[in-house]
*Asks:* 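The structure that follows is given in the form of structure tokens.
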Amino acid sequence: MNEEHLFEEISTAVVDMEDELVEKLCKESLTFSIPAEKTITRGLLSGMNKVGQLYEEHEYFLPEVLTCSDTLNIGLDILRPHIKTEIADNPIKVVIGVVEGDTHDIGKNLVKIMTESAGIEVHDLGRDVPLERFIAVAEETKADFICMSTLMTTTMMGMKTVIDMLKKKNIRDKYKVMVGGGPISQKFADEIGADAYAVDANSAVKKMKVIAANN
């Protein structure tokens, strides 16, 4: 089967909430020796991005989004053990979470999976994270990055609040702040003074490695 066609089928199956088909196709991708990371990003994540668009357009609502995320997780459970994990002697340390007021953690979970597979040490704070906690855990773990995501426009400014808190504590230079999520853009990241914006999980990993190598 053509790779692109397989990814499109997986993507569509996630949107259509077809659990058994996602399971079948993800297993099939492994028999073709397609890298698990590729199937996750080009198939599962692509489907979830479409779900996000349908949600924004009010064609899907929260129950549908949650059901699609369950379908996505079926595929992730199959592919996750096959992700090739890099071993790092002095790993990049990352604190990651969904900002206070938002409980949508699908994108954050995908970033976590991909960063861990790249040998990055991840401290996952979960969702609806009190803003002070990002800084407290970053200090405790001596993290290199604070990564924040949100899918809601109403909670976006929490990211700026965290950056402002870092400045107030005179520790802004200790951390690289990366932001991402549905309503976030490079323009918004620049406006709030973030160090990086990631459009997806692959982008997040690449940018972390580049930034870490240059510091």
Side-chain angles (χ1 to χ4, degrees), residues 36-37 40-41 45 76 80-152 155-215:
E37 300 93 324
I40 288 171
T41 54
L45 184 52
L76 284 178
R80 191 184 288 118
H82 300 275
I83 293 174
K84 291 175 182 171
T85 304
E86 297 175 21
I87 306 299
D89 293 332
N90 187 21
I92 301 165
K93 294 180 183 178
V94 173
V95 168
I96 188 171
V98 181
V99 294
E100 192 169 18
D102 190 353
T103 58
H104 301 92
D105 62 356
I106 297 159
K108 183 269 297 175
N109 290 341
L110 285 166
V111 172
K112 178 190 175 187
I113 290 164
M114 299 306 284
T115 48
E116 285 181 334
S117 72
I120 294 168
E121 184 180 312
V122 180
H123 299 271
D124 182 10
L125 307 183
R127 54 193 183 179
D128 192 16
V129 180
L131 303 178
E132 300 86 354
R133 185 154 167 71
F134 283 101
I135 298 171
V137 177
E139 289 281 271
E140 285 169 21
T141 59
K142 296 182 171 57
D144 302 295
F145 286 83
I146 294 174
C147 299
M148 297 177 281
S149 74
T150 186
L151 263 182
M152 298 170 64
T155 54
M156 289 167 63
M157 292 311 292
M159 297 174 171
K160 181 179 186 300
T161 302
V162 172
I163 292 171
D164 289 344
M165 286 176 178
L166 290 169
K167 289 176 182 173
K168 212 168 197 177
K169 294 174 183 286
N170 292 317
I171 54 173
R172 176 66 185 91
D173 292 343
K174 283 176 72 174
Y175 305 103
K176 297 299 179 185
V177 177
M178 180 179 285
V179 296
I184 309 302
S185 63
Q186 183 64 59
K187 181 173 181 287
F188 176 76
D190 293 340
E191 284 171 358
I192 66 170
D195 298 291
Y197 158 68
V199 68
D200 58 26
N202 267 348
S203 166
V205 173
K206 284 176 185 171
K207 288 190 177 183
M208 281 180 206
K209 288 187 169 183
V210 168
I211 291 168
N214 291 331
N215 282 276

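In this chain, residues are counted from 1 in sequence order. Because only heavy atoms are used, hydrogens play no part in the values below, and waters and symmetry mates are left out as well, while side chains stay in.
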*Asks:* Can you find a pair of side-chain heavy atoms, one from V199 and one from I184, that are under 4.5 Å apart?
*Replies:* no
*Asks:* Mind listing the closest non-hydrogen atom pair of L76 and P81 along with its distance?
*Replies:* O-CD, 4.5 Å
*Asks:* Do K160 and E191 sit within salt-bridge range, that is, some charged N less than 4.0 Å from a carboxylate O?
*Replies:* no
*Asks:* Rounded to the nearest 0.5 Å, how far does NE2 of H123 lie from NZ of K112?
*Replies:* 11.0 Å
*Asks:* Measure the CD-NZ distance between E132 and K169 for me, rounded to the nearest 0.5 Å.
*Replies:* 8.0 Å
*Asks:* Could you grab the distance from atom NZ of K206 to atom CG of D200, nearest 0.5 Å is fine?
*Replies:* 8.0 Å
*Asks:* So which heavy atom on C147 is nearest to which on V94, and how close?
*Replies:* SG-CG1, 3.6 Å
*Asks:* Can you sort out the partners of D173 under side-chain hydrogen bond (donor to acceptor under 3.5 Å, both in side chains), two or more places apart, ordered by chain and number?
*Replies:* none
*Asks:* Please determine whether side chain to side chain contact (heavy atoms under 4.5 Å, CB included) holds for the pair V99 and L131, giving the CA-CA distance in whole Å, both sets of side-chain angles, and the decisive distance to 0.1 Å.
*Replies:* CA-CA 7 Å; V99 294; L131 303 178; 4.2 Å; yes
*Asks:* In the structure I gave you, are the side-chain heavy atoms of T161 and I163 within less than 4.5 Å of one another anywhere?
*Replies:* no
*Asks:* Begin with the C-alpha distance, continue with both residues' side-chain angles, and end with the deciding distance and a verdict on salt bridge (charged side-chain N to carboxylate O under 4.0 Å, His left out) for R133 and E100.
*Replies:* CA-CA 10 Å; R133 185 154 167 71; E100 192 169 18; over 6 Å; no
*Asks:* Could you verify whether a donor N or O on one side chain and an acceptor N or O on the other, from T150 and D102, lie under 3.5 Å apart?
*Replies:* yes
*Asks:* Between M159 and F188, what is the shortest heavy-atom contact and its length?
*Replies:* SD-CE2, 4.1 Å
*Asks:* If we ignore hydrogens and angles and just use 3.5 Å, is the side chain of R127 paired with the main-chain N or O of T103 as donor and acceptor?
*Replies:* yes
*Asks:* Can you tell me how far apart CE (M156) and CD1 (I192) are? Round to the nearest 0.5 Å.
*Replies:* 8.0 Å
*Asks:* Tell me, do L125 and V98 make a side-chain contact under 4.5 Å, heavy atoms counted?
*Replies:* no
*Asks:* What distance separates I92 CD1 from D144 CG, expressed to the nearest 0.5 Å?
*Replies:* 7.0 Å
*Asks:* Could you tell me whether D195 and R172 make a salt bridge, using a distance below 4.0 angstrom between a side-chain N and a carboxylate O?
*Replies:* yes
*Asks:* Side chains of F134 and M165, heavy atoms from C-beta outward: is any pair under 4.5 Å?
*Replies:* no
*Asks:* How close do G119 and P91 get, counting heavy atoms only, and between which atoms?
*Replies:* O-CB, 3.4 Å
*Asks:* Answer yes or no: is there a side-chain heavy-atom contact under 4.5 Å between M208 and K176?
*Replies:* no
*Asks:* What distance separates L166 CG from I171 CD1, expressed to the nearest 0.5 Å?
*Replies:* 5.0 Å
*Asks:* Taking the side chain from Y197 and the backbone from M178, do they hold a donor-acceptor pair closer than 3.5 Å?
*Replies:* no
*Asks:* Looking at A189 and A196, what are the two nearest heavy atoms and their distance?
*Replies:* CB-O, 4.5 Å
*Asks:* Restricting to non-hydrogen atoms, name the atom on V129 and the atom on G97 that form the minimum distance, rounded to 0.1 Å.
*Replies:* CG2-CA, 4.2 Å
*Asks:* Is the shortest side-chain N to carboxylate O distance from K108 to D124 below 4.0 Å?
*Replies:* yes
